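Everything quoted here is computed from the prediction, not taken from an experiment.
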Amino acid sequence: QVQFVESGGGLVQPGGSLRLSCAASGLTMRDYAIGWFRQAPGKEREAVACSSASDSSTIYADFVKGRFTISRDNARSTVTLQMNSLKPEDTAVYYCAANLMRRRCVASATKHEYDYWGQGTQVAVSS
């Protein structure tokens with residue numbers, strides 16, 4: 001049984017940092033591109049960052065470029081999202097998932113290519 005578990009969310013002031021972790025079990029993480037997504041109340045789930053399986057490439061949404069960093073540790077089956085310079089608009093539930101259609105991240109990939117969604121971790125940015 002494949003399971004993804006996100007952790008590390010919380011309440012932080014604008015300009016602060018959080019480090020989210022995604023722990024996978026039941027699959028070989030090195031074989032999959034792994035994405036982080038977020039969903040704010042009343043909004044669609046949107047892609048935040050992706051880490052490729054096939055090489056070390058990464059992709060970021062424009063709204064997090066320069067602030068967020070995705071990294072992976074295949075030996076530990078974990079993917080981390082370091083979030084710096086957080087803004088109130090970053091408030092959302094953050095999810096990780098595996099791309100079942102490709103090993104390399106591309107900007108055109110949609111959330112429908114992903115599966116094994118975790119339960120999410122809440123991030124709230126507020127003063």
Quiz prompt | side chain to side chain contact (heavy atoms under 4.5 Å, CB included) partners for S25, two or more places apart | solution = Q3
Quiz item: Would you say Q119's side chain and V5's backbone share a donor-acceptor pair under 3.5 angstrom?
Solution: no
Self-check item: For S17 against N84, the heavy-atom pair lying closest together
Solution: OG-OD1, 2.9 Å
Quiz item: In terms of hydrophobic clustering (I, L, V, M, F, W, Y; side-chain heavy atoms under 4.5 Å; direct or indirect links), are V125 and F63 co-clustered?
Solution: yes
Quiz item: Angle class for the W117/F37 ring planes (parallel below 30°, perpendicular above 60°, tilted otherwise)?
Solution: perpendicular
Quiz prompt | Ring centres under 6.0 angstrom apart (Y114, Y95) | solution = no
Exercise. Would you check if the distance from the ring center of F68 to the ring center of W36 is below 6.0 Å?
Key: no
Quiz prompt | Minimum heavy-atom distance S127-P14, with the two atoms named | solution = N-CD, 3.7 Å
Exercise. First locate atom OG1 of T58, then atom CD1 of I34, and finally report the distance between them rounded to the nearest 0.5 Å.
Key: 14.0 Å
Self-check item: Distance in Å, K43 NZ paired with E89 CD, rounded so as to fall on 0.5 Å steps
Solution: 8.5 Å
Quiz item: With no hydrogens and no angle check, is any side-chain donor or acceptor of Q39 less than 3.5 Å from a backbone partner on A92?
Solution: no
Practice problem: Taking all non-hydrogen atoms of both residues into account, name the closest pair between A49 and L81 and its distance. | Solution: CB-CD1, 4.1 Å
Self-check item: Exam field: side chain E6 to backbone C96, donor-acceptor pair closer than 3.5 Å
Solution: yes
Practice problem: Not counting sequence neighbours, list each pair that qualifies as a side chain to side chain donor-acceptor pair (under 3.5 Å) and has a residue in residues 65-75. | Solution: S51-R72, D62-K65, R67-D90, R72-N74, D73-R76
Quiz prompt | Expected output: side-chain Y32 to main-chain A97 donor-acceptor under 3.5 Å | solution = no
Quiz item: Does the side chain of T78 pick up a donor-acceptor pair with the side chain of S21 at under 3.5 Å?
Solution: no
